[in-house]
There are 2 protein chains.
Amino acid sequence: MAQKNTLQFIILGLLSQESMTGYELTQSFAHEIGEFWQAKHSQIYPLLNKMEDQQLISHVDEVTGTKLAKKRYSITQQGDDVLQEWIAEPTDFISSSKDEFILKLYFIKDKNDKRLTSMFNEQIRLHKEWLQHLKSRNEDLFNKRSQQNAQFGHYLILNHAIDREQNYVQWLETQFNNL
Amino acid sequence: MAQKNTLQFIILGLLSQESMTGYELTQSFAHEIGEFWQAKHSQIYPLLNKMEDQQLISHVDEVTGTKLAKKRYSITQQGDDVLQEWIAEPTDFISSSKDEFILKLYFIKDKNDKRLTSMFNEQIRLHKEWLQHLKSRNEDLFNKRSQQNAQFGHYLILNHAIDREQNYVQWLETQFNNL
DNA sequence: TTAAAACATGTAATTAATTACATGTTTTAA
DNA sequence: TTAAAACATGTAATTAATTACATGTTTTAA
């Protein structure tokens, strides 16, 4: 891929909420953010350096224990300007959603193909599991309405992830029953 | 990105249904396939050459009019073996879905943020428009049940695209009304 | 107390994908 | 008849992203 470096804006967005280390930023992609964008530490660390050069972010050094060095990054005024600009600009939804399972279905021409049953079963299991995971995340984070309002964006996207997953499972089951 | 070259399998899958030119393959990504994977001609043409070197596909030359040269590609036995292997292997759903709009929401902490209304309105418009497009595609292609069975995979993924889009619009509207 | 898991930060090599450049033919609609 | 749109195939340069390598510290659980 090679677009306009969305990752950069995500990092700015995360840092606009609180200062974080590269490790913590990486962790974000294991949670809700990861439902809507993916990145590994090997992409994040170099990008942090680049962004600091551009003065979009800055860091202070920290030490845990006696030796473990960390860099805690914060967003700068310049960085926030760039972030706000990104949020304000129109979002063309270019459905960059990639779904290998659905693609595989496309290539199965015969409705009675033997492989369909096990393929659907596997996907249903995976997605149900994931849905369950998301739901318990939701209970952990937002069991009180006050928490929903305090972190509105976070609540919204987890809510969307659950909704999406729920619909996916439902679709899989409907189609499975029609086979 | 740098995974296991899914595009290659998609090309094999498309060619397993009928022989196609690079241009026609490219066109596929403007239609249903494009809902679940994206690729441009500049990635497709070089890959076709590579795949022909590996004897996964082969081509015959064609001429339209008096001069317009085309290469019509077909899948080889080897290619079909590779395709079947890909379909058979378990599909880890690593939700590589990227959604900038949802990410932007994450970074809006305040439920009363002025920007939310126009952002939601814009997305609702875009997604409704796209949903409409998908629905008319569906009517054009699959108005008869016989056509659904003849191209089962195609029917399934278009059906899924519509279902997904419908759910997305519904979610947007629900959240919008809650603002 | 010790081993494993989690925390923490990086670089090198490679691949996937995009953007931009490049050129020409055929069909369609005004 | 002519101009625009669609058809058709490619390459070059660059960027985004992954995989693999590399090293060390702190915390947790057995």
Side-chain angles (χ1 to χ4, degrees), chain A residues 1-11 19-31 33-34 36-54 57 59-73 86 92 94-98 100 103, chain B residues 1-11 19-31 33-34 36-54 57 59-73 86 92 94-98 100 103:
Chain A
M1 214 167 285
Q3 326 121 291
K4 42 141 192 201
N5 204 346
T6 303
L7 180 56
Q8 187 183 171
F9 302 115
I10 297 171
I11 289 174
S19 63
M20 290 170 118
T21 64
Y23 188 80
E24 287 165 347
L25 285 164
T26 302
Q27 290 302 98
S28 299
F29 290 93
H31 298 135
I33 287 287
F36 303 104
W37 203 270
Q38 295 77 44
K40 319 232 153 168
H41 78 277
S42 53
Q43 195 188 359
I44 291 170
Y45 286 113
L47 184 54
L48 285 170
N49 284 312
K50 196 181 142 207
M51 288 169 73
E52 191 163 32
D53 285 348
Q54 295 168 177
I57 58 177
H59 82 271
V60 289
D61 289 309
E62 263 183 20
V63 176
T64 298
T66 54
K67 294 186 183 171
L68 190 61
K70 299 183 193 183
K71 295 183 183 175
R72 185 160 299 275
Y73 288 94
W86 173 66
D92 34 65
I94 10 169
S95 115
S96 169
S97 109
K98 302 190 169 181
E100 265 191 63
L103 288 169
Chain B
M1 213 167 284
Q3 326 122 292
K4 42 139 195 207
N5 204 345
T6 303
L7 180 56
Q8 186 183 172
F9 301 115
I10 298 170
I11 289 173
S19 61
M20 289 169 119
T21 64
Y23 188 80
E24 287 164 348
L25 285 164
T26 303
Q27 289 303 97
S28 300
F29 291 92
H31 297 134
I33 286 287
F36 304 104
W37 203 268
Q38 296 77 44
K40 317 234 155 168
H41 78 278
S42 52
Q43 194 188 0
I44 291 168
Y45 286 113
L47 184 53
L48 285 170
N49 284 313
K50 195 181 142 207
M51 288 169 74
E52 191 163 34
D53 285 348
Q54 295 168 179
I57 58 176
H59 83 271
V60 289
D61 289 309
E62 262 183 21
V63 176
T64 298
T66 54
K67 293 186 184 171
L68 189 61
K70 299 182 191 183
K71 295 183 184 176
R72 184 160 298 277
Y73 288 94
W86 173 66
D92 34 65
I94 9 168
S95 112
S96 167
S97 109
K98 302 190 169 180
E100 267 192 60
L103 288 169

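Below, read A as the first sequence line, B as the second, and so on, with proteins coming before strands; counting in each chain starts at 1. As the structure is a computational prediction, the values presented were derived from the model and not from experiment.
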Quick one: do A:Glu52 and A:Lys71 satisfy salt bridge (charged side-chain N to carboxylate O under 4.0 Å, His left out)? Show the steps, please.
CA-CA 12 Å; A:Glu52 191 163 32; A:Lys71 295 183 183 175; 5.7 Å; no
Stepwise side chain to side chain donor-acceptor pair (under 3.5 Å) check, B:Thr6 with A:Lys98:
CA-CA 10 Å; B:Thr6 303; A:Lys98 302 190 169 181; over 6 Å; no
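Whole-Å rounding puts the B:His41 NE2 to C:dG24 C1' distance at 13 Å. As a whole-Å value, the separation of B:Leu47 CG from C:dA17 P is 9 Å. Remark: P of D:dT25 and CG of A:Leu68 are 8 Å apart, rounded to the nearest angstrom. Across the protein-nucleic acid pair, A:Glu62 atom CD and C:dC7 atom P stand 15 Å apart, rounded to whole Å. Between B:Glu52 atom CD and D:dT9 atom P there is a gap of 13 Å when expressed in whole angstrom units. Atom CD of B:Gln38 is separated from atom C1' of C:dT19 by 16 Å (rounded to the nearest Å). Spacing between atom NZ of A:Lys40 and atom P of C:dC7 amounts to 17 Å, rounded to whole angstrom units. Between the CG atom of B:Leu25 and the C1' atom of D:dC7 there is a distance of 14 Å, rounded to whole Å.
Closest to the side chain of A:Tyr45, from the set D:dC7, D:dT26, C:dG10, is C:dG10. Closest to the A:Thr64 side chain, of the nucleotides C:dG10, C:dT26, C:dA8, is C:dA8. Picking from D:dT25, D:dT18, D:dT9 the nucleotide with the shortest atom distance to the side chain of A:Lys67 gives D:dT25. Residue B:Leu7 has its side chain nearest to C:dA17 when only C:dA17, D:dG10, C:dA12 are considered. When distances run from any side-chain atom of B:Lys98 to the nucleotides C:dT11, D:dA17, C:dA8, the shortest one goes to D:dA17. Distances from the side chain of B:Asn5 to the nucleotides C:dG10, C:dA16, C:dT18 place C:dA16 closest.
The pair A:Lys4-B:Glu100 meets the salt-bridge criterion, with a side-chain N (NZ, NE, NH1 or NH2) lying under 4.0 Å from an Asp/Glu carboxylate O.
Nearest-nucleotide mapping onto DNA chain D: of A:Ala69 and B:Gln43, the residue sitting toward the 5' end is B:Gln43.
A tilted orientation is assigned to the rings of A:His59 and A:Tyr73, their planes being inclined by 30° to 60°.
Nucleotide D:dA29 has C:dT2 as its partner under the Watson-Crick or G-U criteria, with both atom distances under 3.5 Å. Under the Watson-Crick or G-U wobble criterion, with both distances below 3.5 Å, D:dC7 is paired with C:dG24. In this structure D:dA12 sits in a base pair with C:dT19, meeting the Watson-Crick or G-U test at under 3.5 Å.
In this structure, B:Lys4 does not reach the D:dT18 phosphate: none of its side-chain N or O atoms is under 4.0 Å from OP1 or OP2. Remark: A:Lys70 is not in phosphate contact with C:dC7, judged by side-chain N or O atoms under 4.0 Å from OP1 or OP2. Side-chain N/O atoms of B:Ser42 include none lying less than 4.0 angstrom from OP1 or OP2 on C:dC21. Side-chain N/O atoms of B:Tyr23 include one lying less than 4.0 angstrom from OP1 or OP2 on D:dC7.
A distance of 12.5 Å separates CE of A:Met20 from CD1 of A:Ile57, quoted to the nearest 0.5 Å.
Using a 4.5 Å cut-off on side-chain heavy atoms (C-beta onward), A:Tyr23 and A:Tyr45 make contact.
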